Amino acid sequence: MKVLYVSAELFPLLKTGGLADVSAALPPALSALGADVRVLLPAFAALQAGVTPIGKPVPLPAGVPLAGGPEPHTPPWLHLPPGVGPTPASAGGTAPWLRAGYVSASGQPVLLLHAPGLYEQGDHPYHDAHGHAWANSAERFAWLGWAAALLGAGLDPAWKPDVVHGHDWHTGLAFAYLHALQGDTTPARTAAARAPTRGSHRARRVFTVHNLAYQGVFAPEVRTPLGLPDALFHLQGLEFHGQVSFMKAGLQYSDAITTVSPRYAREITTPEQGCGLDGVLRERQGVLHGILNGVDQAVWNPAADPQVQPGYSANDLSGKALAKARLQRELGLHDSPQSLLCGVVSRLTHQKGLHLLGPLLDDWVARGGQLAVLGSGDADTVQPLADAAQRHPGHIALHLGYDEALAHRLVAGVDVMLVPSLYEPCGLTQLYGLRYGSLPLVRAVGGLADTVTDCSLENLDDGSASGFVFHDFSSEALHAAWRRALALYRRPADWQAVQRHAMGQCFDWASAARATLAVYQPPAPADPSTGTPPAS
Ligand code: ADP
């Protein structure tokens, strides 16, 4: 099965969050099960630097103008209806092209979309140094979607994907363009309508939501330069309160939707967590799947982590005590093994709930607690943490910035990984915490609820406990969970039993890849006499 996997990020070359980790881990896990996966990415400088190109550049046809203008170069086997697809001018004046290659370090086959007018500005894929979204964000990711759609429609006769699998809003337009090029699916999405109406190749369309809150919503005027026909601009299409929503395009025009945990798959169908798209997701519930992310064992393994030497395992935790002592020294915390050391590795945004810590930290320090935070983000989350670190040197350390190596040392060195999120599609740092015996303290939402079992007395008794779970999004509820963590920490034998159980949990990419392959399979065709699918 040939899979075109479309993403804006790829660890370790370009990462702003979990999306990059997933894009690095899921394709090889799919390949291990026999899939032929190519990852399509914008040629951001960091990605170009880590990719070895092969073959010749392939020019990417632009959309055909509705009236007048030169016809773009289009292979004869692709039919481009007028008015569909971004115009050459929207790429900043230079016609984009595709270049095949492979990630130099891993050998992963990739396709880089080059558009010097779009992808060469700044280091960050989404915003400038002040956190303002790039002015050409719509064009940046419309072209990514367009490239995916053309490949999905058969641009390369030598490699026609069976599946186009797009990730997050950056890839949502791929599905709108495919719909405009090939028709079908929405709103009825009947089996009969699944056959392409134009052209002979029809890839299955799978869209994954990693975070529904980031939607890629733009002014309606972008429709003309991006070549989004009026026929798509309605309630059942990509229109969202009079604007163009890339996320909604992905949700409406895909054959199947996945998200990154079973619980989040349910939550996003509710008004509380649906970010205004819960109605769409309820309508599409029949094709919505929650597939839990995994832990990349090659990257996150306490026994073989170059940042954690000597390594350690569930059978011998002595290396973990050393990792804690080293981390305390590195971050200027008091070298005190008996202090409960909590850690955070995170974007510092409202979503992550770290503002709940503000009112608690004086008390935590008074009770002998320590806190180490690595992250960057919004001033209203950062400032209270910075103030607390200043008030309590030796007890609270705040390291602002992005630092992959320190993230490993921190996850290994702390006793508890804190993830008190308002919402959390899957969450990776609690999974890393489990793997490293750093017990997660989490709020019971999304993937956090799916992966951490609370240290209640009954769970401790039956050996299923793996961390600390609280429910209300409040400082009081977080504090109560922290008090329970502190109490358990004072019972080392019980603490270590929970650590061993946590480290033995298996969140592997092979399981996620198997579930993803099942979604890639088209549903059985309906019985033409009855119109009903065969019983499975
Ligand atoms: P999200 O995708 O919402 O940011 P996840 O928990 O799914 O949250 O993934 C976050 C990923 O980014 C993890 O791999 C985490 O270790 C990493 N990360 C977040 N902030 C930093 C940072 N400041 N330095 C290093 N790694 C970070």
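Atoms within a ligand are numbered from 1 in the order they appear, just like the ligands themselves. The basis for the numbers below is simple: all heavy atoms, side chains too, and nothing from hydrogens, waters or symmetry mates. We count residues from 1, following the sequence as given. No experiment lies behind these values; they were computed from the predicted model shown.
Aromatic rings from Y5 and H167 are positioned such that their centres are separated by under 6.0 Å. In this structure, the ring of F207 has its center less than 6.0 angstrom from the ring center of F175. Ring pair W169/F218: centre-to-centre distance below 6.0 Å. The aromatic ring centroids of H355 and F473 lie less than 6.0 Å from each other.
For atom 8 (O) of ligand 1, the nearest non-hydrogen atom of the protein is K352 NZ, 3.2 Å. Atom 23 (N) of ligand 1 has as its closest protein heavy atom G401 O, 2.8 Å. Among all protein heavy atoms, the one lying closest to atom 24 (N) of ligand 1 is D403 N, 3.1 Å. Protein heavy atom closest to atom 14 (O) of ligand 1, with residue, atom name and distance, is D21 OD2, 2.7 Å. Scanning the protein for heavy atoms near atom 26 (N) of ligand 1, the closest one is Y402 CE1, 3.4 Å. Of the protein's non-hydrogen atoms, the one nearest atom 16 (O) of ligand 1 is V345 CG1, 3.7 Å. Looking at atom 15 (C) of ligand 1, its nearest protein heavy atom turns out to be T429 CG2, 3.7 Å.
Checked by atom type and distance alone, the side chain of Y312 pairs as donor or acceptor with a backbone atom of Y436 at under 3.5 Å. No side-chain donor-acceptor contact under 3.5 Å links E9 to the backbone of S23.
Heavy atoms of H210 found under 4.0 angstrom from ligand 1: none, in either backbone or side chain. Residue-level proximity to ligand 1 for S346 is carried by the backbone, the only part with a heavy atom below 4.0 angstrom.
Close N/O approach between T16 and ligand 1 is not found [any backbone or side-chain N/O within under 3.5 Å]. For ligand 1, one of its N or O atoms has an N or O atom of L428 under 3.5 Å away. The shortest N/O to N/O separation between S376 and ligand 1 does not fall below 3.5 Å. Considering backbone and side-chain atoms alike, R347 places an N or O below 3.5 Å from some N or O of ligand 1.
Contact between Y432 and ligand 1 is present, with at least one heavy atom of the residue lying under 4.0 Å from the ligand. At least one heavy atom of K15 sits less than 4.0 Å from an atom of ligand 1.
Between A8 and F44, the shortest heavy-atom contact is O-CE1, 3.8 Å.
Using a 4.0 Å cut-off between charged side-chain N and carboxylate O, E330 and R326 make no salt bridge.
Relative orientation of the H395 and H334 rings is perpendicular, given thresholds of 30° and 60° on the angle between their planes. Relative orientation of the W364 and W482 rings is parallel, given thresholds of 30° and 60° on the angle between their planes.
Near G375, meaning under 4.0 Å from one of its heavy atoms, ligand 1 places the atoms 23 (N). Of all atoms in ligand 1, listed by their number and element, those nearer than 4.0 Å to a heavy atom of G17 are 2 (O), 4 (O), 11 (C), 12 (O). Atom numbering of ligand 1 starts at 1 in the shown order; those under 4.0 Å from a heavy atom of G18 are 1 (P), 2 (O), 7 (O), 9 (O), 10 (C), 11 (C).
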